[in-house]
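Here is how names work: the chains are called A, B, and so on, in the same order as the sequence lines, proteins then strands, and each is numbered from 1.
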Amino acid sequence: MSIYVGNLSYDVTDADLTTAFAEYGTVKSVKLPTDRETGRVRGFGFVEMSSEAEETAAIDALDGAEWMGRDLRVNKAKPRQ
DNA sequence: GTTGAGCGTT
């Protein structure tokens, strides 16, 4: 299971996300899809952690929280099709 | 601006 992170600042980096989520567990991977046309992040990303419990803790702690000046949207990601 | 990509072998 991975986590969807939305409403991100457009200059956030995967390192920033890793640091924030690492407070709640081990971050296995972070993805920040970029727009092919502009090369900029699209304002959302995905985080994978080492256990579902850690993911739940991170979601609980960060969903709706202010981070880098924005109110984060954090929840379990849908399986990628 | 709200659910990725990998890919010619992860």
Side-chain angles (χ1 to χ4, degrees):
Chain A
M1 181 60 75
S2 50
I3 308 170
Y4 165 82
V5 187
N7 202 37
L8 292 171
S9 172
Y10 298 120
D11 52 27
V12 117
T13 66
D14 58 345
D16 292 328
L17 266 185
T18 301
T19 301
F21 280 79
E23 288 189 46
Y24 308 97
T26 301
V27 176
K28 288 178 56 181
S29 70
V30 174
K31 292 183 187 302
L32 279 177
T34 54
D35 188 308
R36 241 194 68 201
E37 311 277 308
T38 66
R40 306 183 184 218
V41 297
R42 297 171 60 193
F44 66 90
F46 295 90
V47 177
E48 290 187 26
M49 305 197 50
S50 61
S51 78
E52 190 158 341
E54 292 176 350
E55 297 186 338
T56 303
I59 291 168
D60 189 56
L62 296 173
D63 184 35
E66 187 184 303
W67 188 63
M68 302 190 89
R70 290 180 170 263
D71 291 320
L72 289 184
R73 294 299 134 202
V74 186
N75 54 264
K76 289 186 181 290
K78 310 171 157 182
R80 194 173 53 78
Q81 284 188 293

task: Please work out which residues in residues 1-12 of chain A have a non-hydrogen atom less than 4.0 Å from an atom of DNA chain B and list them by number.
output: A:Ser2, A:Tyr4, A:Tyr10
task: Go through B:dT3, B:dG4, B:dT2 for me and flag the one nearest to the A:Arg73 side chain.
output: B:dT2
- request: Tell me whether A:Tyr4 is reachable from A:Val12 by hopping between hydrophobic residues (I, L, V, M, F, W, Y) whose side-chain heavy atoms are closer than 4.5 Å.
  value: no
query: What are the residues of residues 37-68 of chain A, sorted by number, that bring a heavy atom to within less than 4.0 Å of DNA chain B?
result: A:Val41, A:Phe44, A:Phe46
field: Inter-nucleotide C1' distance (B:dT10, B:dG6), Å rounded
entry: 7 Å
- request: For A:Leu32 and B:dT3, give me the distance from atom CG to atom C1', rounded to whole Å.
  value: 13 Å
field: Check against side-chain contact (heavy atoms from CB on, under 4.5 Å), A:Thr13 and A:Asp16
entry: CA-CA 5 Å; A:Thr13 66; A:Asp16 292 328; 3.1 Å; yes
- request: Test side-chain contact (heavy atoms from CB on, under 4.5 Å) on A:Leu32 and A:Leu8 and set out the steps.
  value: CA-CA 10 Å; A:Leu32 279 177; A:Leu8 292 171; 3.8 Å; yes
- prompt: Can A:Val5 be reached from A:Val41 by stepping across I, L, V, M, F, W or Y side chains whose heavy atoms are under 4.5 Å apart?
  reply: yes
field: Distance, P atom - from B:dC7 to B:dT3, rounded to whole angstrom
entry: 24 Å
- request: Show your reasoning for whether side-chain contact (heavy atoms from CB on, under 4.5 Å) applies to A:Phe21 and A:Val30.
  value: CA-CA 10 Å; A:Phe21 280 79; A:Val30 174; over 6 Å; no
Separation between CG of A:Leu62 and CD of A:Glu23, rounded to the nearest 0.5 Å: 7.5 Å
message: Using whole Å, what does the distance between atom P of nucleotide B:dT2 and atom CZ of A:Arg70 come to?
response: 12 Å
query: For A:Thr34 and A:Arg40, what are the C-alpha separation, side-chain angles and deciding distance, and is it a side-chain contact (heavy atoms from CB on, under 4.5 Å)?
result: CA-CA 5 Å; A:Thr34 54; A:Arg40 306 183 184 218; over 6 Å; no
query: So what does A:Asn75 hit on the nucleic acid, given a heavy-atom distance under 4.0 Å: a base, only sugar-phosphate, or nothing?
result: base
message: Need to verify one output field. Residue with the more 5' nearest nucleotide on DNA chain B, A:Asp35 or A:Arg80?
response: A:Asp35
- prompt: Should A:Val47 and A:Phe44 be counted in the same cluster of Ile, Leu, Val, Met, Phe, Trp and Tyr side chains packed under 4.5 Å apart?
  reply: no
